[in-house]
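Report on the following structure.
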Amino acid sequence: MVMEVFLLGFGNLKSSKDLIFALFLLLYLTTLIGNMLIIILIATSPRLHSPMYFFICNLSACEMFFTTIIIPNLLYILWWNGGYMSFYGCIIQHHLVSATGSAECLLLTVMAYDRHLAICNPLRYSSIMNASNCIHLVIWAWLLAFILLIISTVSICNLQFCDLNIIDHLYCDLTPILEISSSDTSMVKMEVLLLSFILNLFPFVLIILSYVSIFFTIQKISSWSGRQKTFSTCSSHLASVCMYFGSIFINYLVPSQQNMIRINKMLSLLYTVVTPFFNPIIYSLRNHEIMVCFRQYFTVVNKR
């Protein structure tokens with residue numbers, strides 16, 4: 001039985017290794033600092049104590065957790081041109097990556113529902129999106145993702161893994177893990193497909209329906225400035241949704257044949273590195289309230 005696996009990463013990068021390592025390290029630190037600043041700003045600014053910013057705060061925490069699961073180990077693999085990992089450590093990494101990614105998807109769905117209520121049903125917004133309901137929505141988003149994906153994780157653990165222990169990928173993803181199994185993996189693939197419908201596709205459909213309703217509501221506003229102001233409250237969320245689901249669809253719709261391995265590795269970086277890096281930028285630069293609080297915060301710091 002396989003007790004440890006060897007992650008190939010990008011293989012032997014030779015002269016470009018130092019540059020790529022430094023780039024990934026910079027992206028990781030920038031992602032952590034950006035999301036940490038957003039969390040601190042929302043926690044300390046009374047004007048940002050609203051449901052929308054509470055959800056943004058949780059999304060930032062999710063991004064920090066997600067990148068920390070992958071990038072530190074990826075940096076180790078890059079530096080040593082590959083790296084060993086215990087088999088169960090690999091399974092745990094896969095579960096955490098999948099669960100955190102699904103939790104992010106559910107959080108984006110909750111945020112879409114929040115914007116739908118605020119724009120399409122503003123009179124009932126404060127009564128529905130009270131503090132208790134917001135906390136419950138966030139807790140359920142995290143719990144559903146982590147608990148439901150235990151099903152596929154247990155199924156993977158029940159497979160047989162003999163002899164083959166080389167994973168030609170940047171981290172422990174589902175397809176590379178199943179490729180080294182000596183058992184029939186069709187049942188696991190069916191379970192994962194069903195869970196993907198529940199945790200990814202169904203939330204995506206709900207987000208689309210929410211924005212269709214928002215679009216028709218905005219069209220009913222007579223003035224152009226009113227339309228623009230209303231749309232600006234959800235533009236950052238819409239940009240984040242497009243980046244998140246776009247990177248997932250690009251990553252998982254590309255065939256996983258042998259001749260596509262290097263392309264799959266590059267595309268996986270969109271989902272695991274690039275999207276978490278740009279989310280803090282989207283929510284800071286495209287959000288007027290956060291930018292105002294940033295300026296106020298740095299003005300106070302400079303005066304001290």
Side-chain angles (χ1 to χ4, degrees), residues 1-9 62 65-74 77 82-109 139-206 244-245 247-258 260-261 264-265 267-268 270-272:
M1 181 179 173
V2 171
M3 298 306 295
E4 61 180 8
V5 295
F6 186 80
L7 288 160
L8 288 178
C62 190
F65 188 33
F66 182 76
T67 53
T68 303
I69 296 165
I70 295 174
I71 298 183
N73 193 58
L74 176 58
I77 292 166
Y84 282 99
M85 192 175 188
S86 72
F87 174 74
Y88 287 109
C90 183
I91 297 298
I92 290 169
Q93 186 191 47
H94 163 66
H95 176 73
L96 292 177
V97 168
S98 302
T100 310
S102 297
E104 183 175 351
C105 179
L106 294 174
L107 285 171
L108 288 171
T109 309
I139 290 172
W140 277 111
W142 285 96
L143 284 179
L144 277 175
F146 275 83
I147 291 173
L148 286 179
L149 284 167
I150 290 175
I151 298 169
S152 61
T153 303
V154 170
S155 297
I156 292 170
C157 291
N158 288 331
L159 297 175
Q160 293 294 318
F161 293 87
C162 304
D163 299 328
L164 290 175
N165 71 332
I166 296 175
I167 294 179
D168 193 2
H169 204 52
L170 306 176
Y171 60 96
C172 292
D173 202 6
L174 176 68
T175 303
I177 291 174
L178 296 183
E179 283 176 355
I180 66 169
S181 173
S182 52
S183 303
D184 179 16
T185 59
S186 57
M187 186 59 70
V188 177
K189 289 176 180 177
M190 286 295 294
E191 289 175 358
V192 171
L193 184 63
L194 178 61
L195 290 170
S196 297
F197 273 104
I198 297 170
L199 295 172
N200 298 108
L201 190 60
F202 182 62
F204 178 67
V205 171
L206 290 179
Y244 174 82
F245 284 101
S247 61
I248 286 180
F249 291 147
I250 291 170
N251 188 26
Y252 290 103
L253 288 178
V254 173
S256 57
Q257 279 93 358
Q258 191 67 26
M260 302 290 286
I261 286 175
N264 280 317
K265 288 179 184 179
L267 290 175
S268 69
L270 281 175
Y271 174 57
T272 58

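Just so it is clear, the values below take in all heavy atoms, side chains as well, and ignore hydrogens, waters and symmetry mates. Everything numeric here is computed off the predicted structure, so don't read it as measured data.
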Is the centre of the Phe249 ring less than 6.0 Å from the centre of the Phe204 ring?
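Centroid distance Phe249-Phe204: below 6.0 Å, so yes.
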Is the centre of the Tyr84 ring less than 6.0 Å from the centre of the Phe6 ring?
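Yes, ring centres under 6.0 Å apart.
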Minimal non-hydrogen separation, Asp184 against Leu159, with atom names
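Looking at all heavy atoms of both residues, the shortest contact is O-CD2, 3.8 Å.
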With sequence neighbours excluded, tell me which residues meet disulfide (SG to SG under 2.5 Å) with Cys90.
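For Cys90 the disulfide (SG to SG under 2.5 Å) partners, ignoring immediate neighbours, are Cys172.
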Any idea how Phe146 and Phe65 line up, ring-wise: parallel (<30°), tilted (30 to 60°), or perpendicular (>60°)?
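Ring orientation of Phe146 relative to Phe65: parallel.
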Heavy-atom side-chain proximity of [X] to [Y] below 4.5 angstrom:
X	Y	answer
His169	Leu8	no
Cys62	Trp142	yes
Phe161	Ser182	no
Leu201	Ser196	no

Only one of [options] clears side-chain contact (heavy atoms from CB on, under 4.5 Å) with [X]; which?
X	options	value
Val188	Asn158, Leu178, Val154	Leu178
Tyr271	Asp173, Ile248, Ile70	Ile248
Leu149	Val97, Leu199, Val192, Thr100	Leu199

Does the Thr185 side chain pair with the main chain of Ser181, one donor and one acceptor, at a distance under 3.5 Å?
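No, because the side chain of Thr185 does not come within donor-acceptor range (under 3.5 Å) of the backbone of Ser181.
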Main chain of Ser155, side chain of Glu191: is a donor-acceptor contact present, judged purely on distance under 3.5 Å?
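Flag not set: sc Glu191 to bb Ser155 has no pair under 3.5 Å.
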Does the side chain to side chain contact (heavy atoms under 4.5 Å, CB included) test come out yes or no for Val5 and Ile180, once each step is laid out?
CA-CA 10 Å; Val5 295; Ile180 66 169; 4.1 Å; yes
